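Report on the following structure.
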Amino acid sequence: MSDWEMDESSAFDGWERRSLSQRAMPARPTPYLDGLNPDQRAAVETIDGPVLVLAGAGTGKTRALTARIAHLLNTGRAQPNEILAVTFTNKAAREMKDRIGQLVGGRIEGMPWLGTFHSICVKLLRRHAELVDLKANFTILDTDDQIRLLKQLIRAEDIDDKRWPARMLAGLIDRWKNRAWTPDKVPASEAGAYNNRGTEFYEQYQERLRILNAVDFGDLLLHVVRIFQENPDVLEKYQRWFRYILVDEYQDTNIAQYLWLRLLAGGHKNICCVGDDDQSIYGWRGAEVGNILRFEKDFPGATVVRLEQNYRSTPHILAAASGVIAANEDRLGKTLWTDAAEGEKVRLIGHWDGEEEARWIGGEIEAYQRGTRGLAPYPLDDMAILVRASFQMRAFEDRFLTIGMPYRVIGGPRFYERMEIRDAMAYFRVVVSPDDGLAFERIVNVPKRGIGDKAQAAINQVARLNGVSLLEASRILLAEDGLRGKAAGELRALIDSFDRWSALLQQGELNHVELAEVILDESGYTEFWKNDKSTEAPGRLENLKELVKALDEFENLQGFLEHVSLVMENEQEEGTPKVSIMTLHGAKGLEFPVVFLPGWEDGLFPSQRSMDENGLKGLEEERRLAYVGITRAERHCTISFAANRRVYNQWQSSLPSRFIDELPPQHVEVLTPPGLYGGGFGAAAPAAEAIPGIMRGSDLEERATRADVYNSPGWKRMQTRAQQPRGMAQPREARNMVIDAEAVSAFEIGERVFHQKFGYGAVVGIEGDKLTVDFEKAGTKKVVASYLSAEDSIPF
DNA sequence: GAAAGCCGGTTCGGG
DNA sequence: ACCGGCTTTC
């Protein structure tokens, strides 16, 4: 047995004994099967060969997956360390570990290969690093490092990184890696990317990474795929070692992950993929719905199990979700059903503007909290607001602060991505691995110590000439007297500090937590924030304390750094009950008794950008997002839209989302907005003249305008449909005609128009909803009519 | 080298 | 509106 097998298995003697004894007893208790429905049992007990479990929202997917693992262990089919179970997020991995622990009674440390794609790849890559020209102690770069590195390369080539931003290149390389294209495999069709130099930079970047002994997230997968492809003996070992493979959220896999899985499952083909094509919402980051749609072709003879009994939502909510998703073309198709009591219909309401929407939802939340319409009271923790884009959150935060409603925002900037945390970590990184040039660069002049661009350029040059790390180059530079004045003294002091801290680390007299405190203290970093008078400084100091506290849970600094490079999350404090506000993406996998889905307006949701960039595919992904949103609700789901919304401080009016048309009317209750006439909308209402495309002028007209919201095409459709419960949603074409007619009729040839980005111009051509406009500054462009406003309606 | 002003971007966001 | 990053200015 080679070392890589030994080191994982030796720790699990207890498991071994248990499985062996179980192997001898055919009729063992199988408590993990209790209460599973027949489909779930099939998902658990179909052990050999490829299995695709199509698990609709709320159908007990995790339950089936964990029971399947318990079953594999219980029947002695595999040892815990012979099961490869992959998830996308650390959260999902943790949850699965916990649940398996409950099923098989405690300690589940025995599953070393249950984890995210990336964490498993790190393990594999550390063992075989030399096969791709790396050392086993390679560092993992995050997006920030990646961009700084690319920026260096770009500047070295004298390219204007304003016009050709590093982010763009990073995104490009990322997409290529998601498709498993190494620099030599990037197809010719991509040659034009990044001003024709994309592949060239990709190549350079990979070379730099190799020299730095570093990898980015994409490499973690890609290197392992390459190792498997180029070393059949290694691949074969793992194919035999992982007797069973399980994959969660298969619809989210990208091509690199797909190849990785296909290679590993290539021998026995004992691969079980769980997923839901209707919940594929990560296309923009490389996920390929095609992987799940193609499963039966990729793995001939696959068993397909459908989990369709939903244990989460009421029939009305399910029906509403099903109605929306039915409009998608590319589906494997599932019909969710439930035994649950009928419950309330999905509620739908339109508002005048985003603020009013937030006000109304705040009121509703208070009502649910008290108990309303004869319902039992719901605690705030049971309620969530799910938005399409994060800027929508602000309206709710503003409102909730005003009325003193406790809330939590889920998502947002993550702890380990904050500037102060990354700075502190850079210090740790240099102490632990003095060769880490990116870390050194980050903090060499933070806090400001007079080592500016010139000094840094000198260090870089010495490093390049001598082929040494930046820290080493600094020593040489000082020894050769290549630096004068303040910079020299400060650099000297900094290097001495690093030497001192490294020595402390070696001696091990201080534990790593104390060492971290010493570093932050002696480097002047803590002091730096104490002297900062800005409002966020106290928070940053607080975060630094948090960081030191987090260190406590690790054995040493190295372990901690390894952990954070892969696990970057926000621990959310418990405590007082709060309403949750999050994006639809962030809500995937969660459920709440009461859910609000605001902002269902065409352009916002479905997002215009998604449709522009990806056409029908984009629209279908948005629709899946709608499906995910509705299916988060257990008992109450309220969808709303606003006729006007302030976006980047511009008023914008919009039509109700086309998804609203797709809601089956018999499962929807249309609510009448409060204060349609009369109600106190004087002070808070936006001035009507500030709204393009709507009316300007007198109070009388303002009143008419407000009424117009509810006479808008979308609203009228809702009203009509509400009166004829059996009616079908209007065909899409009819609706599009309305929009097109409006869009086209709004402009004529020769008209002066305004575009957010291109400025003023004159219409010179009209084709459908696309206009050709001669812009004064930006030249002639084709633009979609909805981006333009007539000059005389430009708000001030 | 540090502060002040300017410009551009601005969905979704795991590892 | 606002932030971050960059350029200009002192």
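Predicted model, so just to flag it, every value in this text is computed and none were measured. Naming: A, B, ... by sequence-line order, numbering from 1 per chain.
In this pair, A:Phe605 and A:Trp600 present their aromatic rings perpendicular. The plane angle is above 60°, beyond the 30 to 60° band. Ring geometry for A:Trp113 against A:Phe242 counts as perpendicular: the plane angle is over 60°, on a 0 to 90° scale with 30° as the lower cut. Between A:Trp176 and A:Tyr202, the ring planes are tilted. Angles from 30° to 60° get that label.
In this structure, A:Arg388 reaches the bases: a heavy-atom distance under 4.0 Å links it to at least one base atom across the strands shown. At the heavy-atom level, A:Ser390 lies under 4.0 Å from the strands shown only through sugar-phosphate atoms. Residue A:Arg624 is classed as having no contact, given no heavy-atom separation below 4.0 Å to the nucleic acid. Looking at heavy-atom distances under 4.0 Å, A:Ser607 makes contact with a base. In this structure, A:Ile451 reaches the sugar-phosphate backbone alone: every heavy-atom distance under 4.0 Å involves primed, P, OP1 or OP2 atoms, never a base. Using a 4.0 Å heavy-atom distance criterion, A:Glu249 is classed as making no nucleic acid contact. If you check every strand for non-hydrogen atoms under 4.0 Å, A:Lys177 touches nothing.
Position along DNA chain B of the nearest nucleotide to A:Leu625 versus A:Ala455 favours A:Ala455 as the more 5'-ward residue. Of the two residues near DNA chain B, A:Leu220 and A:Pro165, the one whose nearest nucleotide lies more 5' is A:Pro165.
For A:Lys486 and B:dG1, the NZ to P distance is 8 Å, given to the nearest whole Å. Between A:Gln251 atom CD and B:dG14 atom P there is a gap of 16 Å when expressed in whole angstrom units. Going from atom CD1 of A:Ile281 over to atom P of B:dG13 covers 9 Å, rounded to whole Å. In this entry the distance linking CZ of A:Phe117 with P of B:dG14 reads 16 Å, nearest Å. Per the geometry, CG belonging to A:Asp216 stands 21 Å off P belonging to B:dG13, to the nearest Å. For the pair A:Ile410 CD1 and B:dC12 C1', the computed distance is 16 Å after rounding to whole Å. Taking atom CG of A:Asp174 as the reference point, atom C1' of B:dG14 lies 11 Å away to the nearest angstrom. Distance CZ (A:Phe415) to C1' (B:dG13): 19 Å, rounded to an integer number of Å.
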- Annotated structure of DNA chain C as dot-bracket, pair cut-off 3.5 Å, Watson-Crick or G-U only, | for inter-strand, is ||||||||||
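Counting heavy-atom neighbours within 6.0 Å of A:Arg167 CZ, excluding the residue itself, gives a total of 12 or less. Few gaps surround CD on A:Glu397; more than 12 heavy atoms of other groups in view lie less than 6.0 Å from it. Within 6.0 Å of CZ on A:Arg148 lie more than 12 heavy atoms contributed by other residues, nucleotides or ligands.
The side chain of A:Asn90 places an N or O atom within less than 4.0 Å of a non-bridging phosphate oxygen (OP1 or OP2) of B:dG15. Under 4.0 angstrom from either OP1 or OP2 of B:dG15 there lies no side-chain N or O belonging to A:Thr143. At least one side-chain nitrogen or oxygen of A:Arg155 sits closer than 4.0 Å to the OP1 or OP2 atom of C:dC6. Note on A:Lys448: every side-chain N or O is 4.0 Å or more away from OP1 and OP2 of B:dA3.
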- Verdict with reasoning, A:Asn178 to A:Asn254, per side chain to side chain donor-acceptor pair (under 3.5 Å): CA-CA 6 Å; A:Asn178 285 339; A:Asn254 60 35; 3.2 Å; yes
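Between A:Lys61 and A:Asp248, at least one side-chain nitrogen of the basic residue sits less than 4.0 Å from a carboxylate oxygen of the acidic one, meeting the salt-bridge criterion. Between A:Asp602 and A:Arg658 there is a salt bridge, since a side-chain N of the basic residue sits under 4.0 Å from a carboxylate O of the acidic one.
You won't find any donor-acceptor pair under 3.5 Å spanning the side chain of A:Arg285 and the base of B:dC12, going by distance alone.
With B:dG15, B:dC12, C:dG5 as the choices, the nucleotide that has an atom nearest any side-chain atom of A:Lys151 turns out to be C:dG5.
Residue A:Tyr282 and nucleotide B:dC12 are not classified as a stacked aromatic pair, given the requirement of ring centres less than 5.5 Å apart at an interplanar angle below 30°.
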